[in-house]
Amino acid sequence: MESSIGYQTTIMELRSRNKVSAAFSMSSMTDLVFLLLIFFIIVSTLVSPYVPPLELPYGKHQTSTQPNIAVSIDPDYKFYINDEVVAIDMLEGELKKRLSADESKQNIVLNVDQTIPAGLTVKVLDIAKRNHWKVILATKPQK
């Protein structure tokens, strides 16, 4: 009879040691939230919110330089600085106002619809050349 009582005691001790905790751990949920946050921050830096809908030309090469200002020419021959319409006569003055005196921050991304004549693109490139600004021509990746 003693051996059966001793056996019951050890079974009860095993059950008390293996209790499942009812507490919920938030660490995996916070890891997931931080990963999503990092993903959206990276994606948001890749997309320019200032570009009107344009049919960009195709190109192979990508640049790692970060532009400070976006200049766009849409199919209706309207010029934009970021998201504001600007007359071609006022383009150089507006760019001078907005670009920093620091040479490392004088980068312009040029978004030109592929239906625009090359002469209008060259006008913007001439303005940038006169002022020693770096221009990045935006393209779509080739399929």
Side-chain angles (χ1 to χ4, degrees), residues 4-143:
S4 65
I5 294 172
Y7 179 71
Q8 288 178 349
T9 306
T10 56
I11 291 176
M12 294 179 101
E13 287 176 16
L14 287 177
R15 287 184 186 166
S16 65
R17 285 188 213 152
N18 294 331
K19 284 186 179 178
V20 176
S21 174
F24 180 71
S25 174
M26 288 292 291
S27 63
S28 61
M29 184 66 74
T30 54
D31 290 345
L32 181 65
V33 169
F34 282 123
L35 285 173
L36 286 172
L37 180 65
I38 291 169
F39 171 76
F40 286 117
I41 288 173
I42 291 171
V43 169
S44 69
T45 60
L46 299 176
V47 178
S48 178
Y50 304 117
V51 179
L54 301 173
E55 186 64 34
L56 295 175
Y58 291 101
K60 288 183 183 179
H61 300 287
Q62 299 295 321
T63 183
S64 61
T65 306
Q66 284 286 50
N68 299 96
I69 290 185
V71 175
S72 305
I73 308 172
D74 72 2
D76 298 326
Y77 305 125
K78 291 182 191 169
F79 288 79
Y80 295 85
I81 295 178
N82 292 338
D83 57 348
E84 297 175 21
V85 178
V86 177
I88 184 66
D89 304 337
M90 304 298 291
L91 185 65
E92 187 169 3
E94 285 295 317
L95 286 172
K96 282 181 179 179
K97 286 181 197 174
R98 295 178 189 215
L99 285 171
S100 168
D102 183 10
E103 284 189 23
S104 66
K105 296 184 178 180
Q106 293 181 344
N107 301 322
I108 300 170
V109 63
L110 183 56
N111 300 292
V112 181
D113 193 280
Q114 65 183 0
T115 61
I116 297 297
L120 290 177
T121 305
V122 171
K123 283 185 182 182
V124 177
L125 293 174
D126 284 341
I127 291 170
K129 180 76 172 172
R130 274 196 305 269
N131 294 286
H132 307 286
W133 298 327
K134 295 179 184 121
V135 177
I136 302 162
L137 185 59
T139 60
K140 284 193 295 190
Q142 287 187 337
K143 294 179 183 178

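For this chain, numbers begin at 1 and follow the sequence in order.
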Interatomic distance, [X] atom [atom1] to [Y] atom [atom2] [nearest 0.5 angstrom]:
| X | Y | atom1 | atom2 | result |
| --- | --- | --- | --- | --- |
| Tyr80 | Asp74 | OH | CG | 4.0 Å |
| Ile41 | Leu36 | CD1 | CG | 11.0 Å |
| Lys96 | Trp133 | NZ | CH2 | 6.5 Å |
| Leu35 | Phe39 | CG | CZ | 11.0 Å |
| Phe79 | Glu94 | CZ | CD | 14.0 Å |
| Leu99 | Ile108 | CG | CD1 | 5.0 Å |

(request) Taking the side chain as every heavy atom from C-beta outward, state whether Val109 and Ile69 have any pair of such atoms under 4.5 Å apart. (result)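 Answer no - side chains too far apart.
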(message) Can you confirm whether Leu95 sits close enough to Val71 that some side-chain heavy atom of one is under 4.5 Å from a side-chain heavy atom of the other?
(response)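 They are in side-chain contact.
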(request) Only counting residues at least two apart or in another chain, list the ones meeting side chain to side chain contact (heavy atoms under 4.5 Å, CB included) with Asp126. (result)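 Partners of Asp126 by the side chain to side chain contact (heavy atoms under 4.5 Å, CB included) criterion, ordered by chain and then number, come out as Val122, Arg130.
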(request) Taking all heavy atoms of Leu137 and all of Leu110, pick out the closest pair and write down the distance. (result)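 In this case the closest contact between Leu137 and Leu110 is CD1-O, 3.5 Å.
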(message) Quick check: closest heavy atoms across Ile116 and Pro75, and the distance to 0.1 Å?
(response)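 For Ile116 and Pro75, the tightest heavy-atom pair comes out as CD1-CA, 4.0 Å.
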(request) Give the intermediate values and the outcome of side chain to side chain contact (heavy atoms under 4.5 Å, CB included) for residues Leu125 and Val135. (result) CA-CA 7 Å; Leu125 293 174; Val135 177; 3.7 Å; yes
(message) Quick test of your reading of the model: are Glu84 and Arg98 salt-bridged, counting only N-O distances below 4.0 Å?
(response)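 Judged by the 4.0 Å cut-off on N to carboxylate O distance, Glu84 and Arg98 do form a salt bridge.
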(request) Decide side chain to side chain contact (heavy atoms under 4.5 Å, CB included) for Asn131 and Glu92; before the verdict, give the C-alpha distance in whole Å, the side-chain angles of both, and the deciding distance to 0.1 Å. (result) CA-CA 9 Å; Asn131 294 286; Glu92 187 169 3; 2.9 Å; yes
(message) Determine whether a donor-acceptor pair (N or O, by modelled atom type, separation under 3.5 Å) exists between the side chain of Asp113 and the backbone of Thr115.
(response)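 Yes, Asp113 side chain to Thr115 backbone: donor-acceptor pair under 3.5 Å.
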